Structure formats: C-alpha cells, structure tokens
There are 2 protein chains.
Amino acid sequence: MGPIDRREREKEKLKKEILDAARHLFARDGYDSVTIRAIAERIEYSPRTIYLHFKDKEDLFRELCQHDFNEFGQRFAKLASVKDPVQRLKALGLTYAEFGEDFPNHYRLMFMSEAPDYEGKGEEEWKGNPEMDAYAFLLATAAEAIATGRLLPAYKDPELLAQTVWAGIHGVLALHFSKCNDPWVKWRPLKKRVKTMVDLQVDGLLAAPVKATKRPSPNIGKKGA
Amino acid sequence: MGPIDRREREKEKLKKEILDAARHLFARDGYDSVTIRAIAERIEYSPRTIYLHFKDKEDLFRELCQHDFNEFGQRFAKLASVKDPVQRLKALGLTYAEFGEDFPNHYRLMFMSEAPDYEGKGEEEWKGNPEMDAYAFLLATAAEAIATGRLLPAYKDPELLAQTVWAGIHGVLALHFSKCNDPWVKWRPLKKRVKTMVDLQVDGLLAAPVKATKRPSPNIGKKGA
DNA sequence: TCCGTAAGTCAACAAGGTTCATTTTGTATA
DNA sequence: TATACAAAATGAACCTTGTTGACTTACGGA
C-alpha cells in the first residue's frame, strides 16, 4: 500500500517544516514573541493547520526542545573521555555554560521556564530525554568524584552534589540572561564568571588547593550562621 | 488649600489600593496569570482607572516590586551586625535564599524576569532600589572578605566574587522554581541545597577547612580544562 | 448658578491562542 | 467512470487580555 505510506511521509514532512519554522522563530525572538500565526505564515499554511499536528503552542515548543536537545546531549557525551571525575566535573560545567551561550533561547526554553508537570506520566514519557541523560551523567560523575576520596567528607551525597554544582552554573547563566542590564552591577565577562564558578566549586570540594589528594582534616565542625 | 490636598491624598490612597490588590494577586497567581481586569474588579473600579495611575501592567508590577522590596533590604540590613565578613557572606546567602522561599512570586518578579532596560535613564531612576542596596552590601562584604587575606589569591576581584556568590544562591532558587517537578532528579530539600551551596562556596574561597587564617600556598597555577 | 478640570467609565480595538463549520482533495469502491 | 468518504486544510469567528479614545460625572471656584 503505497499511497497511505506516502501520505504518512508527507504528514511527517509538514510536521518537520513546522518545527523548523518554529525553531527559527523561537531561537530568534523568544517564546512569548512568537505567534502561531507567524509560524503558519512562514510555512505558508493556515494557523489552524498547526493544531492538526500539535495540541497547542506549548506542546509544539516542548516537542521542539525534545527534538533539539540532542545537540546538548551530544556535547555532554563527548566528555565521557575525561578520565579524572573531578576534571570531568569541571568540563561538564564549562560545556553546559557554553551551550547556554550558544543557544540562549533554547537554554531559556529548557531551563528557565516552568517545566510541565510530569505528574502521572509514565517513565516512557520522559525516557530518552537528553536533559535526563545529562543529569544522569552529571550524577554519575559526582558519584565517581566522591569515590576518589579527594573531596571533603561533607560532600558525600552524589545527588546533592550534582544538584549543587548544576545550580551554581545555572545561576551564572540565569542571572546573566535576566539581569545583565542592571546598571549598578559592573558585570564581569560571562566566560570569566563561568570559569570562576567552576573553579570555586572545585576548590570548595577539594578544600585544598591544587594537588592535595587527601582531605586535610576530617572534622568540619558546625557551620551554622 | 484643603480640597486640593485631600484630592491628592485620595489619589494616593487609591494608588495604594491598586498596589495592594495587585500584590495579593501577583503573589498568589504569578505575573502572567494576573489580569488588569482582575485587579480592577478586586478594587471595584473599572480597568481603565488603573491606567490613570500606571503606564501599563509592567509599570504597575515594577512599582510594586520597588515598594515591596524594602522587606528584602531590611532583612539584609540586619546582617550588618555580623562582624566577620566571611561569616557575613554566608549569612547573606542564607538570608537571600530565605527571602526567595518566603516570597517566591516576588522573587520571580525581581530576579527571574527580564529586567527593564535602564538604558538612558539617569541614576535617579534606580537610586534607592533595594536590589541595588543589597548588591552594594554584598559587594562591600566581598571586598572586606578579600581584605582579610584569608581567601585564596585567585579570588581578589570583589565584583567578580560578589557576582559569583550571588549566582550560586540564585541558581539554587531558580532551579528550584522551574525544575522541581523533573521526575528524574531526586531533589534534596531546598534548605539543604542552599546550605550546601553556601558551605561549598565558602570552603572554596578559604580553600582550607575551618579555621585556617592564612592562605596555604600562594601559587594556584593553571586551572585550564 | 455656571464653567473648567480632574476622576472615572464604557465601549471598542488589536493581538493572539484556539475552535467550529465548511470546503477541498485524493483515494477506494460500486 | 462516477460516487462516497475520510483526511487535509482553511476562513471566519470566539475568547481573553492589554490598552486607548471619547464621553460622562463630580466638584471646587468664580
């Protein structure tokens, strides 16, 4: 049965066209500024047609992310070759930030907008999500880093460590995206801020500058305010 | 001239009513979900009236922030009594995060949405802004901390240090607000993540656990990936 | 009492997401 | 070949929301 197959293919092709148009516009103008009508105009179809392929604007947006974030996943995957987990942690941070710099609108989309509620959805719904893969990779690296015994004993929960490191770099980017116009801040170059964050975190984890391999003293004592 | 004054007072009172209604709604529902019409309905005036007091929705929103962020400024001001600048840095982080926890929607408003362009506006436009005061305070604390000589020599730029520390805590909050539903992350409690971030950063700055007062070794050498 | 100004309102516009009812199109079948 | 039918596509409209133009009302001063 040829015709049916062809139709199916054509349907897929149109969907791809929509995604391409949407990608272009979202990346250039940001989520809010892009209208369904504009996307439709770009592909020379009526706005209504888009709704035959996507439930609503957010659904389109989300599918686009899912599709595109392979780039993100691929960049991360390359870092598997870094043997030392602590160095890999650093590399992860730098790569993550680089992605944010290269694709600011995608970054915003993925990390700075309310996530959909996965409540109730099965694992299949989010399996294969590059964001998840990246987090898993970060988590594994954190665990390995801890396993080297070179970190301060306070940092022994891989999950907590991964979340904290992630938050640090994310903070640099997020602040950059939303606050870079504050006139009372003499912003340092983004790259410099990223590097400082990465260094600071690793310094904090190792808690002994550069080449110390053993933690200097086990008792950290109370840290209360 | 009594009547004129009274009119002025009444005008101010109505403006305050608008702000109160807006605060309530913004805090409860978030910026996007609040409509001008809803605010108007709450104060039992027509929507048009709001435009007699504020240029547009964003202007209203911004004035509200400006007005409310005294709370923010006051919390910070209290920390001036912490003598040790490093401890004060810690306290600043914890207080900042506490504010975000207590007023998530205000936090979002102030730190997670595109700032207006201050381009071209004179200093008067943003003078007295509590956000600026808070940043100035953080900056001063960073400078003092550096001046103690207890930090690693790599961290000698107060501006860069302030920006990095801010970014770290902000990252924890921002990630929390937009990503706490990701099912593949076993999120640790927010308070714990905040504390970890603060500790990690201070550990990194001091680069010698706990009570070390002198930097252990001046040469940090290259940190490149 | 009458005028002018400030305060306030109604109705409407425009933009944008979304849907209803309808038309067009291409395929399979009598 | 002519017809029935489902898929594809669309134009017009609906609804919400920010915003504004034009009008009405209230009131202090002459």
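Here the structure is a predicted model, which means the values were calculated and not measured. What you see below is based on every heavy atom in this structure, not just the backbone, and it leaves out hydrogens, waters and symmetry mates.
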Handout entry: Spacing of A:K15 atom NZ relative to D:dA8 atom C1', expressed in whole Å
Key = 15 Å
Fill in the blank from the handout: To the nearest angstrom, the CD-P distance between A:E10 and C:dG26 comes to 9 Å
Handout entry: Residues which pass ring-ring contact (aromatic ring centres under 6.0 Å, His included) with A:F76, listed by chain and number, not counting sequence neighbours
Key = A:F72
Exercise for the section: Take atom CG of B:L60 and atom P of D:dG18, then tell me their distance rounded to the nearest Å. Expected result: 11 Å
Exercise for the section: Anything under 30° is parallel, anything over 60° is perpendicular, the rest tilted; go ahead and classify B:Y31 against B:F61. Expected result: perpendicular
Taking only distance into account, with no hydrogens and no angle test, what donor-acceptor pairs under 3.5 Å do side-chain atoms of residues 21-28 of chain A form with protein atoms, sequence neighbours excluded?
unit_1	atom_1	unit_2	atom_2	d
A:R23	NE	A:D68	OD1	3.2
A:R23	NE	A:D68	OD2	2.7
A:R23	NH1	A:D20	OD1	2.8
A:R23	NH2	A:D68	OD1	2.9

Exercise for the section: Apply side-chain hydrogen bond (donor to acceptor under 3.5 Å, both in side chains) to A:K15 and list each qualifying residue two or more places apart in sequence or on a separate chain. Expected result: A:E63
Practice task
Report yes if the side chains of A:V86 and A:E144 come closer than 4.5 Å at any heavy-atom pair, otherwise no.
Solution key: no
Exercise for the section: May I have all residue pairs that pass salt bridge (Lys or Arg N to Asp or Glu O under 4.0 Å) and include part of residues 156-167 of chain B, sequence neighbours excluded? Expected result: A:R188-B:D157
Fill in the blank from the handout: Whole-Å distance, A:F61 CZ to C:dG17 C1', equals 16 Å
Fill in the blank from the handout: Between CZ of A:F54 and C1' of C:dT18 the distance, given in whole Å, is 16 Å
Problem - Spacing of A:K57 atom NZ relative to C:dT19 atom P, expressed in whole Å - result: 15 Å
Handout entry: Residues which pass side-chain hydrogen bond (donor to acceptor under 3.5 Å, both in side chains) with A:Q201, listed by chain and number, not counting sequence neighbours
Key = none
Handout entry: For A:T49, side-chain hydrogen bond (donor to acceptor under 3.5 Å, both in side chains) partners two or more places apart
Key = A:S46
Exercise for the section: Scan for salt bridge (Lys or Arg N to Asp or Glu O under 4.0 Å) pairs involving residues 95-105 of chain B, sequence neighbours excluded, and state none if there are none. Expected result: B:R75-B:D102, B:E101-B:K191
If you restrict it to nitrogen or oxygen atoms, what contacts under 3.5 Å exist between nucleotides 7-11 of chain C and the protein, and what is each distance?
unit_1	atom_1	unit_2	atom_2	d
C:dT9	OP2	B:S46	N	3.1
C:dT9	OP2	B:S46	OG	3.4
C:dT9	OP2	B:T49	OG1	2.7

Exercise for the section: Check each residue of residues 18-43 of chain A for a non-hydrogen atom within less than 4.0 Å of any atom in DNA chain D, then write out the ones that pass by number, or none. Expected result: A:R37
Problem - Five-pair end axes of the helix from C:dT1-D:dA30 to C:dA30-D:dT1, angle between them (10°) - result: 40°
Problem - Distance in angstrom units between A:Y51 OH and C:dC20 C1', rounded - result: 14 Å
Handout entry: Contacts of type ring-ring contact (aromatic ring centres under 6.0 Å, His included), residue B:Y107, not counting sequence neighbours
Key = B:Y96, B:F111, B:H170, B:F177
Handout entry: Any residue meeting side-chain hydrogen bond (donor to acceptor under 3.5 Å, both in side chains) with A:E12, in chain and number order, not counting sequence neighbours
Key = none
